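Note sheet for the following structure.
Both counts, for ligands and for their atoms, begin at 1 and track the order of listing. All of these numbers come straight from a predicted model, not from anything done at the bench. FYI, side chains are in, hydrogens and waters are out, and symmetry mates aren't considered; it's all heavy atoms of this structure.
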Amino acid sequence: MKKASKFEKIAARCWNLLNEGKPFTPIFVIGTMLLYHFNGIVEFTELKQLALSFILVLPLFVIYYVYDYPLFLRNYLWIPYIVFLIIWKFVNVKLLLLAVGLYFFFTVFFWGTLYYHLRIGTTWWNFTRFWKLVLKNSDSTSGNAQEQLPKFLLLLSLWEYNYVQMQHGWTSLALGQMFGYYIFVLAFSWILHRYLFDWKPDIISTYTNNISVPERPLNEKVIVIVIDGMRKDRFEQANAPFLKSLRERGTEFTQMETVYPARTVVCFTSMFTGTYSFEHGIHSNMVWKLGIKVESIFDSLRKIGKKGRLLGIAHLVDSFGDDVETVTAVMHNDVADKNIIERAKLIMEEQDPDLFIVQLIATDQTGHSRGVLYDEYIEKIEEADSLIREYVEWLEQKGKLQNATLIICADHGQADGIGGHGHLDEGERYVPFFMYGPSIEQGKRIDRKHSLVSLAPTIAYLLGAPYPSHSRGPVLIEAIRKKGNDEKAKSDRIFTGT
Ligand SMILES: [Zn+2]
């Protein structure tokens with residue numbers, strides 16, 4: 001099992017520029033314009049005019065970077081474009097066709113077929129399915145055609161219009177009109193996001209205070225297995241006997257909510273700091289400034305001389321630095337999770353961490369490359385089930401589970417389309433979440449709503465570490481066994497029995 005190389009870490013960051021919708025829009029528009037004006041640029045005649053006209057469109061780039069028009073709001077993006085057509089009556093068919101062609105070439109062939117084939121071994125025929133996924137997709141990536149199309153069509157039209165206008169010279173009236181138009185788009189975007197974007201999870205307003213950390217730690221170990229992107233309803237449909245038996249014998253949280261935006265790096269950062277984007281500083285998978293602004297559970301453990309490790313993809317280094325053991329994301333998806341479990345055994349043997357977090361990635365990757373509403377996705381969940389069984393049996397044999405809590409969850413679900421996640425579309429918001437072990441209540445089901453930000457303080461509580469500095473989630477105390485039943489519980493608790 002290979003670690004992620006330095007090259008892969010850098011490549012992963014570069015890929016995010018094209019993968020995340022926000023940086024993609026300006027990069028794509030600028031690239032398309034340069035290509036369209038290629039001859040003029042080579043001869044240096046058009047470059048200056050292109051640059052000057054670009055400055056005139058800059059305000060719209062900024063507005064469209066800030067406002068991502070999530071879910072149904074993206075339908076409203078056609079209104080600024082229609083208003084533009086009415087005011088300026090300007091259509092450059094050749095340019096727009098070039099852009100649409102490039103866009104579908106990039107998403108369907110480059111990303112959906114070539115990239116996935118080279119990285120995780122997806123079939124060369126993936127484009128036959130992927131175009132449908134791109135059209136439906138609703139997340140915050142560049143694969144969200146219904147968001148990207150109206151955005152780049154308008155940006156290109158307006159830029160080209162300004163460019164042509166330049167040759168005739170600008171009047172102050174025309175400039176005033178343009179400025180007025182930007183005010184309109186800004187006000188329009190602000191009002192839509194302010195009044196219609198109302199499905200973000202509520203932020204817990206206080207820091208963790210529902211209980212203080214016990215003097216003696218409850219557990220020697222906590223093991224968290226995150227099945228990345230495992231959608232709750234698809235987990236229910238899967239034949240996953242081991243995980244479901246753990247859930248039955250432990251405590252399940254049926255309404256465990258992820259955070260916004262539900263992107264992997266954001267979710268993991270919230271899960272292991274106990275707080276939200278605005279505080280930990282990670283707002284998408286594209287991390288501009290490395291490192292988090294608050295303490296993580298790893299920092300808490302260090303304070304009491306304990307050690308936590310996270311085995312996961314290279315992107316997570318952006319948040320947690322050296323606390324991450326990276327796995328390479330460049331391997332055939334059929335062996336990815338198997339390799340990760342092998343590596344997880346090795347780390348447990350060599351480093352014996354007190355907290356060990358393992359991220360399984362194959363379910364998420366299948367969702368992204370093949371869609372979540374197909375059988376392949378369910379099969380990956382079933383594979384994860386048997387791999388986790390194998391790992392837990394191994395841990396038990398090695399005596400690592402004598403006094404341990406096992407937590408199984410997902411970081412987010414995935415929506416229809418390219419298994420997207422971010423804006424909390426159907427299937428993304430609530431994740432499977434259950435705990436099992438001698439300190440955990442048996443056969444309990446908690447239907448009250450909870451948030452993944454409770455994970456960090458709950459781990460701190462179990463291991464007797466201080467809560468991370470900005471931890472907001474309450475400790476999941478409902479799952480923790482009341483004193484007195486402890487000894488009996490320990491004796492009749494076997495992880496792999498049924
Ligand atoms: Zn994820």
Is R309 positioned over the aromatic face of F356, cation under 6.0 angstrom from the ring centre and no more than 45 degrees off axis?
no
For E428, salt bridge (Lys or Arg N to Asp or Glu O under 4.0 Å) partners two or more places apart
none
Assess the residue pair E393 and R389 against the criterion (salt bridge (charged side-chain N to carboxylate O under 4.0 Å, His left out)); give the C-alpha distance rounded to whole Å, side-chain angles, the decisive distance to 0.1 Å, and a yes or no.
CA-CA 6 Å; E393 279 171 358; R389 173 177 198 126; 2.8 Å; yes
Apply salt bridge (Lys or Arg N to Asp or Glu O under 4.0 Å) to K380 and list each qualifying residue two or more places apart in sequence or on a separate chain.
D334, E383
Quick check on the Zn ion (ligand 1): does H421 put an N/O/S atom closer than 2.8 Å to it?
no
Quick check: of its N, O or S atoms, which one does D411 have closest to the Zn ion (ligand 1)?
OD2
Under 2.8 Å from the Zn ion (ligand 1), can any N, O or S atom of D228 be found?
yes
Once rounded to 10 degrees, what value does the angle at the Zn ion (ligand 1) take between OG1 (T264) and NE2 (H412)?
100°
